[in-house]
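Working notes, structure below.
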Amino acid sequence: MDTIKITLPDGQVEQVRKRTTPLEVLKKLNTRLAEQAIVARANGELIDLNQPLERDTPLNFLTPDDPEGMFVFRHSSAHLLAAAVLELFPEVKLGVGPPTDQGFFYEFYREQPFTPEDLEKIERKMAELRDRDLPFERRMMPREECLRFYAEQQQDFKCEFIREKGVGNEVSVYVTGKFVDFCRGPHIPSAGRIKAFKLLSVAGAYWKGVEGNPQMQRIYGTSFPSQAELDDFLHRLEEARRRDHRKLGPELDLFSLQPEAGPGLIFWHPKGGLVRTLMEDWLRAEYRRRGYQLVFTPHVMRQELWKTSGHLNWYQENMFPGMEVEKAPYQLKPMNCPGHILIYRDRRRSYRELPLRLAELGTVYRYERSGVVHGLLRVRGFTVDDAHIFCTPDQVEGEIRGCVQFALDALKTFGFERFEVELSVRDPARPEHYAGKVEDWERAEGALLSTLNHMGLLFKRMQGEAVFYGPKIDVKLVDAIGRPWQLSTIQFDFNLPERFDLKYTAADGAFHRPVMVHRALWGSVERFFGVLIEHYAGAFPVWLAPVQVVVLPVSEKAADYGGQVADQLRADGFRVELDARNEKLQAKIRDAQLQKIPYMLICGQKEKEAGTVSVRSRSRGDLGPQPLAEFQRELARRVETRAVET
RNA sequence: GCUGGCGUAGCUCAGCGGUAGAGCAUCUGAUUUGUAAUCAGAGGGUCGGGGGUUCGAAUCCCUUCGCCAGCUCCA
């Protein structure tokens, strides 16, 4: 009888019969893991637990705690969904059904849309199939037979998919009850493992994501190995909704959208405007400190300029339509670069002036298709914290380092700690895609790379993701709902200096082409503000809070004293409100809490006599009475240190 | 832009062919209040806009605008 050698993760070697399955190995070893494991890795490949082992191999087991294990788990959940849908709606045509970061989906083509009631029915059917503990069976099938099988059932999308993905003469399918899916696998042994799942939504999606292809109905869901984990996930969703800046912004009177004015256009209310002013004040001070010069450029400029810059060619679909003024076409600006370039080119530049760092809080307008605008995060008019650095090739590396450091400081100052850094470089196989000389690209990519390495930053290298005009570093930030938002971007530009024929006089007396670096740290003030609202759930740290302190007189008898306290704080530069309404103290506290005001100062008879204030923090509650001067010192300290805690 | 869902008072929502409702908010009055909602009264809506069906439309149909979830795209 043939035997093979299995090497377990702890180094132990087991002799087993050939064609023993990982599940059988597992059962001999450790019963607890036998229940948790959902897939095995043999010879570096993930395989089903009941896939026979043919040769000597290291073997380990994955549970849903491993990201790869969770992916398999969710992938199998998608199959369960499709199996249920096929039972209830045999006429549907199947698309694809992969796992996602948050769960899974499966795509179907069907004339009628799925209703919420349909989803409930599907969920019940899934539970039924799960309770029957349907096995996931892997079968190998000649490719042609598989194609015929699906063709008979008029599963056109599956056929298309097999023709594209099915390599070799044999393909694998997975059978779950009556449901047969062309699929590479691997899968969990049986549906009973999917203890907790929930269908979340149904949405349209183009087949293969290509606009113009038929619209599939995509059913989204999520699943977990236990109900507790599903509940936890649903709570997090709830929490994300609670922090949604689109809800909090208007509630806290920070900003609004006015349908009369048009979608994607932001109205900053006084409180939001104040926060923005504080943010910008910080930024402007940093610009001066770091050798940037602030400029302003016009919002409409001749179309000719946008032809020169190339935007009219490659960016037109994102630009508002042009307008005519005295027979000359004009264009609302979608970017700030050409304006800054005109300032650079206004006169001869010497190498002695470089690096020249021109910064602008530049408001731009971009045409975004109506379905994509989203609160503050995706809008049609926004302000970029933009700057363009013109420098000599030798200065590039230092400039890049300065930009990355500045970007991290700009995000950290506002309380963010989780970033994802991406380095986007060219695809060397497609040189025709990129403007500029190869040696420029090499130098630029080298500068970006060495900067990131120098700073000890973890980053993802994105080959082929560079823009045609230059490589770039992007910093992304993950928001409350786990969506990554691109904020900072630092880009080389080999294109515009060429197009505008930029030059400087070097030490040798000859003209040279400057290098141009384009960078934005927050990306847009609007987007950054939106992310900020969600990050703090509207409870801004005291240095940013539009109202830092509210004074609450206990009754009218203490109103005068409350007024004095408020005046005193206001005179010292704090942002204070006095709540002198004819309301009970409890009601005033409730309202102040809902407005997320960092500090409440309760002023009644006792405080008036003692010359104190009773301090209540929005996060720590009642802190008891203290002299006003003492509170003020503490408040000043927290503003100074930009403390997040109140 | 595409697919689907949703637009009723400032907000949250009920009403779903037969005279537009509730709670909160607002205003007025009473109360003079001690750490998350005091009581009473009043005002407030061309039911997103336009068109149609009907004796009669918030309710049914068409159209348009906006919002939401995705797809695609992006700071």
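For clarity, every value in this text was computed on a predicted model and none was experimentally measured. Each chain gets a letter, A, B and so on, in the order its sequence line appears, and its residues count up from 1.
Between A/E583 atom CD and B/U26 atom C1' the separation is 12 Å, expressed in whole Å. The CZ atom of A/R241 sits 10 Å away from the P atom of B/A69 (whole-angstrom rounding).
Taking only side-chain nitrogens and oxygens, A/R246 comes nearer than 4.0 Å to OP1 or OP2 of B/C68. Not one side-chain nitrogen or oxygen of A/R380 sits closer than 4.0 Å to the OP1 or OP2 atom of B/C73. Proximity of A/Q215 to the phosphate of B/C2: no side-chain N or O atom is located under 4.0 Å from OP1 or OP2. An OP1 or OP2 oxygen of B/U35 is reached within less than 4.0 angstrom by no side-chain nitrogen or oxygen of A/K588.
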- Task: Would you check, one step at a time, whether the test side-chain contact (heavy atoms from CB on, under 4.5 Å) holds for A/Q102 with A/L200?
- Result: CA-CA 11 Å; A/Q102 306 269 313; A/L200 298 169; over 6 Å; no
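Nearest nucleotide to the A/K557 side chain, out of B/U35, B/G1, B/U33: B/U33. Of all nucleotides listed (B/C73, B/G1, B/A75), B/G1 comes nearest to the side chain of A/Y206. Distances from the side chain of A/P259 to the nucleotides B/G66, B/C74, B/C71 place B/G66 closest. Side-chain proximity of A/K606 to the nucleotides B/U38, B/U35, B/G34 is greatest for B/G34. In the set B/A69, B/A36, B/A75, B/A36 carries the atom at the smallest distance from any side-chain atom of A/Q586. With B/A36, B/C71, B/A75 as the candidates, the nucleotide lying closest to the side chain of A/A205 is B/C71. Comparing B/A75, B/G34, B/C73 by their closest approach to the side chain of A/L585 singles out B/G34. The side chain of A/Y367 lies closest to B/G1 when the candidates are B/C74, B/G34, B/G1. Distances were taken from every side-chain heavy atom of A/Y220 (C-beta onward) to each of B/C71, B/A75, B/U35; the shortest belongs to B/C71.
Below 30°, between 30° and 60°, or above 60°: for A/H535 and A/F416 the angle between ring planes is between 30° and 60°, a tilted geometry.
Of the two residues contacting RNA chain B, namely A/A203 and A/V554, the nearest-nucleotide position lying further toward the 5' end is that of A/V554. Looking at which nucleotide of RNA chain B each of A/L487 and A/G262 is closest to, the 5′-most match is held by A/G262.
A salt bridge links A/R242 to A/E239: at least one charged side-chain nitrogen sits closer than 4.0 Å to a carboxylate oxygen.
Remark: B/A40 base-pairs with B/U28; criterion is Watson-Crick or G-U wobble with both hydrogen-bond distances under 3.5 Å. A 3.5 Å limit on both hydrogen-bonding distances identifies no Watson-Crick or G-U partner for B/C73.
B/C16 and B/G21 have their C1' atoms separated by 14 Å, given to the nearest Å.
A cation-pi arrangement is absent between A/R74 and A/F104 under the rule of less than 6.0 angstrom and at most 45 degrees off the ring axis.
In summary, of the residues considered (A/R618, A/R638, A/E634), a side-chain hydrogen bond (donor to acceptor under 3.5 Å, both in side chains) with A/Y599 occurs for A/R638 alone.
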